[in-house]
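What follows is a single structure, written as structure tokens, with notes after it.
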Amino acid sequence: VNYIPTTIDELQLRQLFEMYGPVESIKVVTDRETRTSRGYGFVKYRFAMSAANAIQYLNGYPLMNKRLKVAYAKQAEAQQALVQGGAGGAMTAMQPNQMQMMATMQMQQGGQAQAYPAQQQAMLQMGQQQQLQQ
């Protein structure tokens, strides 16, 4: 993540990025001597789908007096995760019906499906589109 306003700390950045899925770690790079933010950092998601959605929705996101630049740190690892199916790496953003299917499968397997705001909105839009088609 580039162009992070220097007043934003890791907790605030986590709150923004957690809207797109479970975050494993967040690191805002700081100056060793002054401990002030250097304006960039790293976000590691648990799932590739979350990373892809965060890139799609937060790249160019206006935050205070800046626009965030959100991209994969290592494009080669992102490509590999895409090929392998995606946990913890990168894959293309899922379509709303794929997210709903994953949530349904997770519920059928006894797990709790936790939808994040971006996924909830996509699923809502999909439901509205299906109603219009009927």
Side-chain angles (χ1 to χ4, degrees):
V1 181
N2 291 305
Y3 307 115
I4 301 170
T6 56
T7 56
I8 298 293
D9 62 19
E10 289 177 358
L11 179 61
Q12 293 167 317
L13 197 63
R14 178 178 289 274
Q15 289 172 344
L16 177 64
F17 278 81
E18 277 184 336
M19 293 191 318
Y20 298 94
V23 171
E24 283 188 14
S25 64
I26 297 249
K27 177 66 180 163
V28 173
V29 178
T30 57
D31 183 274
R32 289 183 193 182
E33 294 177 15
T34 65
R35 298 203 183 255
T36 58
S37 170
R38 297 195 63 176
Y40 70 97
F42 301 92
V43 177
K44 183 175 182 183
Y45 280 98
R46 186 174 304 151
F47 304 109
M49 175 184 72
S50 302
N53 284 327
I55 289 170
Q56 180 180 355
Y57 294 106
L58 290 178
N59 188 37
Y61 181 82
L63 187 59
M64 300 177 99
N65 59 341
K66 298 191 176 197
R67 288 193 176 270
L68 296 179
K69 179 181 177 192
V70 183
Y72 294 109
K74 297 181 180 176
Q75 192 64 34
E77 287 181 19
Q79 296 284 338
Q80 183 180 13
L82 174 62
V83 171
Q84 293 176 352
M91 63 187 257
T92 57
M94 298 184 90
Q95 296 300 316
N97 60 341
Q98 291 173 308
M99 287 189 281
Q100 185 176 27
M101 209 163 55
M102 282 183 62
T104 302
M105 286 172 33
Q106 188 176 6
M107 292 293 282
Q108 290 171 348
Q109 294 172 358
Q112 285 189 319
Q114 181 174 6
Y116 293 88
Q119 296 165 336
Q120 290 172 343
Q121 184 174 353
M123 287 162 47
L124 178 63
Q125 288 173 349
M126 182 197 69
Q128 291 170 348
Q129 289 173 351
Q130 286 179 343
Q131 287 176 354
L132 291 175
Q133 292 172 354
Q134 294 175 358

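Side-chain atoms of Arg46 and Val23, non-hydrogen and from C-beta on, never get closer than 4.5 Å to each other.
A single hydrophobic cluster is seen to contain both Met64 and Leu58, as judged by linkage of ILVMFWY side chains at heavy-atom distances under 4.5 Å, directly or through other members.
Across every non-hydrogen atom of Arg14 and Ile26, the tightest pair is CA-CD1, 3.6 Å. Ala71 and Ile55 make their closest contact through C-CD1, 4.0 Å (heavy atoms, listed as atom of the first residue, atom of the second, distance). Closest heavy-atom contact between Asp31 and Arg38: N-CG, 3.6 Å. Minimum interatomic distance between Leu13 and Ile4 (heavy atoms only, all atoms of both residues): CD2-CD1, 3.8 Å. Nearest heavy-atom pair across Arg67 and Gly60 is NH1-O, 2.8 Å.
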Would Thr30 and Thr36 count as a side-chain contact (heavy atoms from CB on, under 4.5 Å) if you check the C-alpha gap in whole Å, the side-chain angles of each, and the deciding distance to 0.1 Å? CA-CA 5 Å; Thr30 57; Thr36 58; over 6 Å; no
Dump the intermediate steps for side-chain contact (heavy atoms from CB on, under 4.5 Å) on Val70 and Tyr57, then the final yes or no. CA-CA 9 Å; Val70 183; Tyr57 294 106; over 6 Å; no
Does the pair Ile8 and Val28 meet the rule for a side-chain contact (heavy atoms from CB on, under 4.5 Å), with working shown? CA-CA 9 Å; Ile8 298 293; Val28 173; 5.9 Å; no
Please step through side-chain contact (heavy atoms from CB on, under 4.5 Å) for the pair Val1 and Leu68, ending with a clear verdict. CA-CA 7 Å; Val1 181; Leu68 296 179; 4.1 Å; yes
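Summarising the local packing, NZ of Lys66 is surrounded by more than 12 heavy atoms from other residues, nucleotides or ligands at distances under 6.0 Å.
The aromatic rings of Tyr45 and Phe17 sit tilted relative to each other, their planes meeting at an angle between 30° and 60°.
Within the 3.5 Å criterion, the main-chain N or O of Gln15 finds no donor-acceptor partner in the side chain of Glu18. When atom types are taken as modelled, the side chain of Glu24 and the backbone of Lys44 share no donor-acceptor pair closer than 3.5 angstrom.
A distance of 9.5 Å separates OH in Tyr20 from CD in Gln56, rounded to the nearest 0.5 Å. Here Tyr40 contributes atom OH and Tyr3 contributes atom OH; the two are 13.0 Å apart, rounded to the nearest 0.5 Å.
Ser50 and Asn53 form no side-chain donor-acceptor contact under 3.5 Å, judged by distance and modelled atom types alone.
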